[in-house]
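See structure below.
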Amino acid sequence: MKKPITYILLIIGGLMFAYPFLWMISATFKPEIEIGTIGLWSSNFSLRSYAAVFQKIPIARAFLNSLFVSICVTFSVILFGSIVGYALSRLRFFGRDFLLGVILFTMVIPFQITLIPMYILMVKFGWVDSYIALIVPGMISAFGILLFRQFFMDIPQDLIDAAKIDGCNDLEILFKIIYPLSKPVIITVGIVSFMGSWNDVLWPLIVIRLQKLMTLPQMVTIFAVGGQADGQLGAQLAAATLLAVPIILVYAFFQRYFIESMATTGLKN
Amino acid sequence: MRNTRPSVIKNSSRTGYLMSLPYVLYFCLFIGFPIVFSFILIFHKWNVVTPMQWIGLRNFSRLFQDIQFFISIRNTLVFLVIHIPLQIIVALMLALLLNRKIKLKGFFRALYFLPVVVSGVVITILWQQLYAYETGLLNLLMTKLGITKIPWLINTNWAMPSIAIMATWKNVGLYIVLFLVGLQGIPRYLYEAAEIDGARSLQQFFHITLPALNSTIVLVVILSTIGGFSLFIEPFVMTGGGPMNSTLSAMLYIYNQAFYFGHMGYAATLGFFFAFIILMVVLIQKKFVERKD
């Protein structure tokens, strides 16, 4: 195949992925009647759709809720993932391989089994309609533990022994010696768990009913489905754009890390 | 963590246990207990508010007579049957293009990957507009090109394929990257040898590239099967399962049983049964594809 044909195909592909997003963003500024057009331009751009969104739903609050929840989850997945991963890779204790087997096994269990009992657990704990229900069930991930374990296995034992002779305990070794060497795996686990938490919508729909505690994707979903948008396409698309833009901005700066992290996750599964 | 070091180099088991403790607690609470509890739930009728009521195997006899549930499973399978081959073909084609010596490779890769990072809710709201019959971008373009408009989301035969196309558009970036990793693992000399033997590029593709990508294809099939079985938010936002239940996915049906009707025991039974189907399908896929090897 000739080079120009390759480029033409790549550009057509690129347009197929980019144009819908551009169309969406332009539609949020168009008057309602012009949304059903192919082009991006309008003679009458305005912020009316965004005004409608901010007027009807507390979307700024939902943004902060999502940010808070995702940061807590990400931080915790990294912290506990690395601690357990360290124990599984650098410490010797009876039952270690069994524990590893259990963790691998949990990755095979479809979440459809645990979803309903998990909800009931939240009800019984009185956690429904609280941040705890959004954060605590996501605090540890089997996948995080396994990625840390694999990375830590390649760290030379001499380094750890030297630190032990200097009087470090295992937690100190983990945080002072190993953490500075582990940037790649921390970034991978961080991005994947942040994205998972930020984009999750099924679990919030189940455990959160109070509007002031809703996460951003949940609130946008309910806005679009629940009729609050009054059939205003512009407002629906504006809410969707507000949900998309933060992650697209972060992605624009760190796209290489995003792609590598998510590919690693896919390959390691 | 005070005196956990009896000697300097030898580590004690106690540190190991203490450091594993977070996971053990987490496992008991959020994995072990729910599994055991869901096993109890399937023999009960319960709406969370009133006391649980033992009903033996009646949830199962109800399940096997529940036509809607089997429709929802069929719909999910229809989704997979369209989504998976489409995903593999599109991902492979774009990966092959990106694997050539071209400029702006990183830019194109990043562009194709963009929908992967964006929330499914955004994609669904956006595509609902793209699919609109009179005013949607797709039908407007097709009218311009002189093609008859397609009743994307309003026709029972088109609705699920439409969702499958959208899901492919959303996820294909990830699979392009996985295929690129696979393609880069194929040694160059294989192609050089083939060229000396006079093999055309199409022959090279079928005799070198495709066999070498077998493990990547297995991975793509299994990942998109597992993802496809949890199809929920797309029909939830786009169609509510309609028209006439044609996009009612199994996950959406379980969600409705549990959180719309409050049938916890029955929903847990459905979840159990559905998880069993998922594991079966994935196992069969593994067997089937590995035998081909």
Side-chain angles (χ1 to χ4, degrees), chain A residues 6 9-10 13-14 17-18 20 23-24 36 38 80 83-84 86-87 91-94 96 99 106 110 112-118 120-121 123 137 140 145 161 164-165 169-171 195 199 201-202 206 217 220-221 224-225 233 236-237 240 243-244 247-248 251 255 258-259 262-263 266 269, chain B residues 1 4-5 8-9 11 13 15-17 19-20 22-23 26-27 30-31 34-35 37-38 41 48 94 97 100 102 108-122 125-126 129-130 135 137 140-141 174 177-178 181 223 232-233 237 254 258-259 264 267-268 271-272 274-275 278:
Chain A
T6 309
L9 290 175
L10 282 171
F17 288 98
W23 181 88
M24 173 172 80
I38 298 176
F80 290 117
I83 289 177
V84 181
Y86 179 85
L91 299 178
R92 230 163 285 222
F93 54 95
F94 178 76
R96 187 182 75 170
L99 189 63
T106 61
Q112 283 85 351
I113 288 185
T114 50
L115 190 67
I116 310 283
M118 278 284 271
I120 290 165
L121 203 62
V123 174
I140 289 191
I145 294 174
D161 286 345
K164 285 204 173 172
I165 290 165
N169 66 34
D170 285 294
L171 275 183
M195 291 242 323
N199 287 339
V201 61
L202 177 57
I206 290 173
V220 171
T221 303
V225 178
L233 298 185
Q236 279 186 35
L237 291 169
L243 171 56
I247 209 106
I248 292 180
Y251 173 69
Q255 51 98 355
F258 270 77
I259 295 174
M262 301 204 47
N269 264 339
Chain B
M1 304 298 294
T4 52
R5 273 182 298 108
V8 171
I9 298 294
N11 67 60
S13 298
T15 321
Y17 291 128
M19 289 177 89
S20 312
Y23 181 76
Y26 180 88
F27 176 86
F30 295 125
I31 301 171
I35 290 176
F37 191 60
S38 87
L41 265 175
V48 189
L94 290 172
L97 287 174
R100 294 162 67 86
I102 49 156
F108 283 114
R109 193 182 65 158
L111 205 54
Y112 301 159
F113 201 83
L114 182 60
V116 179
V117 299
V118 174
S119 158
V121 177
V122 175
I125 293 175
L126 167 57
Q129 304 312 323
L130 301 185
T135 56
L137 189 58
L140 289 172
L141 277 176
L174 179 62
V177 177
L178 296 183
V181 174
L223 284 180
F232 167 76
I233 195 67
V237 172
I254 296 174
F259 304 106
M264 289 300 161
F272 227 87
F274 187 47
I278 298 174

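Atoms considered below: every heavy atom in the structure, side chains included; atoms not considered: hydrogens, waters and symmetry mates. Within every chain, numbering begins at 1; the chains are lettered A, B, ... in the order of the sequence lines, protein sequences first and strands thereafter.
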Which pair of heavy atoms, one from [X] and one from [Y], lies closest together, and at what distance?
X        : Y        : value
B/Leu174 : A/Ala263 : CD1-N, 4.2 Å
B/Pro22  : A/Phe80  : CB-CD2, 3.5 Å
A/Ile83  : B/Met19  : CG2-O, 3.4 Å
A/Leu99  : B/Ser20  : CD2-CB, 3.6 Å
A/Ile113 : B/Ala275 : CG1-CB, 3.2 Å
A/Phe17  : B/Pro115 : CD2-CG, 3.7 Å

Using non-hydrogen atoms only, which part of [X] is less than 4.5 Å away from chain B: side chain, backbone, both, or neither?
X        : value
A/Thr106 : side chain
A/Met195 : side chain
A/Ile38  : both
A/Leu115 : side chain
A/Phe94  : both

I'd like to verify something: which residue of [options] has the highest number of heavy-atom pairs under 4.5 Å with chain B?
options                                : answer
A/Ala244, A/Gly14, A/Ala18             : A/Gly14
A/Val123, A/Ile206, A/Ile248, A/Leu237 : A/Ile206
A/Ile120, A/Thr114, A/Val84            : A/Ile120

[X] versus chain A, heavy atoms under 4.5 Å apart: side chain, backbone, both or neither?
X        : answer
B/Val237 : both
B/Leu178 : side chain
B/Phe113 : both
B/Val181 : side chain

Problem set entry | Backbone N/O of A/Leu10 and side chain of B/Tyr112: donor-acceptor pair under 3.5 Å | yes
For this session: Without swapping roles, check the side chain of A/Asn199 against the backbone of B/Gly120 for a donor-acceptor pair under 3.5 Å.
Result: no
For this session: Kindly determine whether A/Leu243 and B/Ile125 satisfy side-chain contact (heavy atoms from CB on, under 4.5 Å), including the steps that lead there.
Result: CA-CA 11 Å; A/Leu243 171 56; B/Ile125 293 175; over 6 Å; no
So, taking the atom named [atom1] in [X] and the one named [atom2] in [Y], what distance separates them when rounded to the nearest 0.5 Å?
X        : Y        : atom1 : atom2 : result
A/Arg96  : B/Ser13  : CZ    : OG    : 10.5 Å
A/Arg92  : B/Thr15  : CZ    : OG1   : 13.5 Å
B/Ile278 : A/Gln112 : CD1   : CD    : 4.0 Å

Problem set entry | pair A/Val201-B/Ser119: side-chain heavy atoms closer than 4.5 Å | no
Tell me which of these, [options], has more heavy-atom pairs under 4.5 Å with chain A than the rest.
options                               : value
B/Tyr26, B/Phe37, B/Phe108            : B/Tyr26
B/Leu137, B/Thr135, B/Val116          : B/Leu137
B/Leu114, B/Ile233, B/Val48, B/Leu111 : B/Leu114

Exercise. Does the side-chain contact (heavy atoms from CB on, under 4.5 Å) test come out yes or no for B/Gln129 and A/Leu233, once each step is laid out?
Worked result: CA-CA 8 Å; B/Gln129 304 312 323; A/Leu233 298 185; 3.3 Å; yes
For this session: Apply the test side-chain contact (heavy atoms from CB on, under 4.5 Å) to residues A/Trp23 and B/Leu126: give CA-CA distance (whole Å), side-chain angles for both, the deciding distance (0.1 Å), then the verdict.
Result: CA-CA 9 Å; A/Trp23 181 88; B/Leu126 167 57; 3.9 Å; yes
For this session: Under the side-chain contact (heavy atoms from CB on, under 4.5 Å) rule, what do A/Leu121 and B/Phe30 come out as? Steps first, then yes or no, please.
Result: CA-CA 9 Å; A/Leu121 203 62; B/Phe30 295 125; 3.9 Å; yes
